[in-house]
Undergrad: 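Handing you a structure now.
By convention here, the first residue in the shown sequence is residue 1.
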Amino acid sequence: MPARTHPRPHPARPGSVDVRLPWWALALPALAFVALLTLILNPSDAHAASGDPAVTQLLARVQRLLAR
């Protein structure tokens, strides 16, 4: 028995590419954008990070090396 193929809803034009994105490919970036926008709009929830001296020294050394 021959394999069944699903017909395309519309014929593809020569040289065109048929791209279909899943729903989450649009929803996840939109959700991330909204979450970051919420963090930016509410700065009262932001707290300064306590820097570890070793990390601070490492970053200062990298900055000096890049400034040469």
Undergrad: Measure the spacing between CG of L31 and CG of L26 and express it to the nearest 0.5 Å.
TA: 12.5 Å
Undergrad: Taking only residues two or more places apart in sequence, or in another chain, which ones meet W23 in a side chain to side chain contact (heavy atoms under 4.5 Å, CB included)?
TA: A27
Undergrad: Sequence neighbours excluded, which residues qualify as side chain to side chain contact (heavy atoms under 4.5 Å, CB included) partners of L37?
TA: F33, L41
Undergrad: Could you pull out all residues at least two apart from A60 that satisfy side chain to side chain contact (heavy atoms under 4.5 Å, CB included)?
TA: R64
